[in-house]
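Note that the structure is a prediction, hence the values are computed from the model and not measured. By convention in this document, chain letters (A, B, ...) are assigned in the order of the sequence lines, proteins followed by strands, and residues within each chain are numbered from 1.
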Protein chains: 2
Amino acid sequence: MAISLARQAGEVISLPKNPSDMFSVVAHRLGITPAAARFEKHAEVYWEDGPADHVYQVVSGAIRNYKLLSDGRCQITAFYLPGDVFGYDGEDQRQTSADAIADTSVRTVKRRLLENAATSDLTVAHYLLDLATENLKHQRDQIILLGRKTAAERVAAFLLEMDSRLKGDESMPLPMCRRDIGDYLGLTLETVSRVLSLLHGAGVLDFAGARHITLRNRTQLLSMEH
Amino acid sequence: MAISLARQAGEVISLPKNPSDMFSVVAHRLGITPAAARFEKHAEVYWEDGPADHVYQVVSGAIRNYKLLSDGRCQITAFYLPGDVFGYDGEDQRQTSADAIADTSVRTVKRRLLENAATSDLTVAHYLLDLATENLKHQRDQIILLGRKTAAERVAAFLLEMDSRLKGDESMPLPMCRRDIGDYLGLTLETVSRVLSLLHGAGVLDFAGARHITLRNRTQLLSMEH
DNA sequence: CGGTACCTTGAGCGGCTTCAACTCAAGTGG
DNA sequence: CCACTTGAGTTGAAGCCGCTCAAGGTACCG
């Protein structure tokens with residue numbers, strides 16, 4: 001079990017730019033194969049106060065990461081889509097819960113394995129840093145959105161975010177319901193629905209069923225987002 | 001996160017738990033002395049779209065980090081108080097602005113120096129990761145607050161945060177004005193003022209001038225926080 | 001089909017914002 | 001030492017955006 005990861009000072013390894021590739025790189029460097037796992041729709045991946053034992057990468061499906069207040073209010077902090085790495089935030093105990101919003105398959109590695117590797121392997125350490133940096137950026141944008149944007153601006157931002165992350169041919173196949181969108185944007189599901197109807201009426205988007213949206217005017221959405 | 005790291009086989013370096021001490025550790029390891037700098041009240045430290053050349057640590061005073069929307073709406077993402085390290089988020093271009101809300105002195109190191117060190121020195125790499133992790137945690141809490149908490153809950157959370165970070169003898173000497181508190185909490189300055197008056201009336205806190213607040217009932221604030 | 005979860009739409013309400021007036025404290029110059 | 005100015009804070013009144021509550025419609029899946 002003696003896998004040597006030590007690198008000499010000064011050796012720099014070229015890295016994929018995208019932390020999404022962490023699993024491949026780490027697996028290769030550690031000589032391990034990430035475990036595959038499946039979560040059915042509504043299955044919990046982890047929950048608040050539970051142990052943070054694993055790190056995950058979505059292969060297919062979708063995950064929501066959220067926190068509940070004692071009275072049932074819910075804030076979704078992130079949606080994880082195919083390619084996204086999630087479940088690592090440097091803490092031993094989960095601060096949020098996560099569950100599958102569609103049948104989802106993931107790859108996982110043990111967090112301890114990752115962190116052990118990071119104590120002796122600069123490549124892995126840098127990957128964790130890049131991962132944290134990406135999350136910081138996303139959370140910062142979310143703070144601006146939640147603190148200072150109107151309902152219409154929030155929904156516009158959401159549509160553009162999903163447009164860039166979900167690559168359907170024509171229409172976006174949204175994996176989440178209106179309530180989830182609301183809980184992500186700090187709104188109610190009714191407000192989300194109303195804004196979407198408004199945008200539809202304005203010709204900014206088309207529906208093919210509530211979950212399949214086609215953007216017709218990204219420019220206007222961008223100007224709405226602020 | 002492990003606080004002892006193998007540098008070479010056998011050698012283990014014990015690290016301060018707190019990223020606040022990064023400057024001392026990094027300086028020692030790099031054999032450099034962080035530069036001292038002063039910013040008068042209202043002076044800009046950096047601004048959006050500017051280059052991210054330096055990392056800072058507050059010695060005394062206070063800094064606000066914020067983002068402006070095109071129409072003047074402002075969201076403050078963080079206040080930095082003595083001991084806090086700020087200005088590192090892994091990006092080349094600033095995504096936010098920062099200025100001094102009081103006369104402030106800081107220590108700085110060049111970001112490139114830090115990042116160079118991090119490519120060959122695991123101790124430094126881990127410090128950057130710890131720093132990012134702390135920020136992630138703070139931002140996550142802020143997202144819950146901005147997305148789902150009421151005005152009273154936000155102000156209660158703010159008071160408790162400042163209570164734990166500003167260690168005055170009795171009363172907290174707040175460095176920021178009501179507008180800044182509002183821009184941090186996603187509220188208007190009037191709403192902040194009203195909630196504070198309400199809490200004062202309820203005996204939860206006392207004033208010694210608007211900027212000096214003494215908490216009389218932390219238990220109630222904790223229960224209000226949600 | 002029929003059931004059920006999801007979505008849309010309407011009407012009324014309420015919490016926070018907006019606008020405005022007033023108070024207070026600190027700094028300046030006569 | 002006081003009149004004046006200026007920035008900050010408090011408080012009130014009115015308005016609005018998003019929420020709540022409710023009813024009806026739609027799509028998916030057995």
Rounding to an integer number of Å, can you tell me how far [X] [atom1] sits from [N] [atom2]?
X      : N      : atom1 : atom2 : answer
A/H200 : D/dT26 : NE2   : P     : 14 Å
A/E190 : D/dT20 : CD    : C1'   : 7 Å
B/H212 : C/dC24 : NE2   : P     : 20 Å
A/L198 : C/dC7  : CG    : P     : 18 Å
B/L205 : D/dG9  : CG    : P     : 15 Å
B/R179 : C/dT18 : CZ    : C1'   : 12 Å
A/I181 : C/dT8  : CD1   : C1'   : 14 Å
A/D180 : C/dA5  : CG    : P     : 15 Å

Would you call the rings of A/F86 and A/Y56 parallel, tilted or perpendicular if under 30° counts as parallel and over 60° as perpendicular?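 The rings of A/F86 and A/Y56 lie parallel, inter-plane angle below 30°.
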
[X] vs [N]: side-chain N/O to OP1/OP2 distance below 4.0 Å:
X      : N      : value
B/R194 : D/dT11 : no
A/T188 : D/dT20 : no
A/R211 : C/dC7  : yes

Closest approach to the side chain of [X], judged atom by atom: which nucleotide of [options] is it?
X      : options                : result
B/C177 : C/dC7, C/dC16, D/dA8   : D/dA8
B/R178 : D/dT10, C/dT18, D/dC19 : D/dT10
A/S193 : C/dC16, D/dC19, C/dT8  : C/dT8
B/T191 : C/dT17, D/dT10, D/dA22 : C/dT17

Ionic contact status for B/D84 with B/R165, cut-off 4.0 Å: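 Answer for the salt bridge query: yes.
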
Decide whether B/R148 and B/H226 meet the rule of one side-chain donor and one side-chain acceptor closer than 3.5 Å.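 Side chains of B/R148 and B/H226: no pair found under 3.5 Å.
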
Would B/R107 pass as a cation-pi partner of B/F23, given that its NZ or CZ must be under 6.0 Å from the six-membered ring centre and within 45 degrees of the axis?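 That pair does not qualify as a cation-pi contact.
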
Please figure out whether B/L189 or A/A151 has its closest DNA chain D nucleotide nearer the 5' end.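 Per heavy-atom nearest nucleotide, the more 5' residue is B/L189.
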
Side-chain touch A/H138/A/E161, heavy atoms, less than 4.5 angstrom: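 Of all side-chain heavy-atom pairs linking A/E161 with A/H138, at least one is under 4.5 Å.
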
Contact class for B/G186 vs. all strands (heavy atom < 4.0 Å): base, sugar-phosphate, or nothing?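 B/G186: backbone/sugar contact only, no base atoms under 4.0 Å.
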
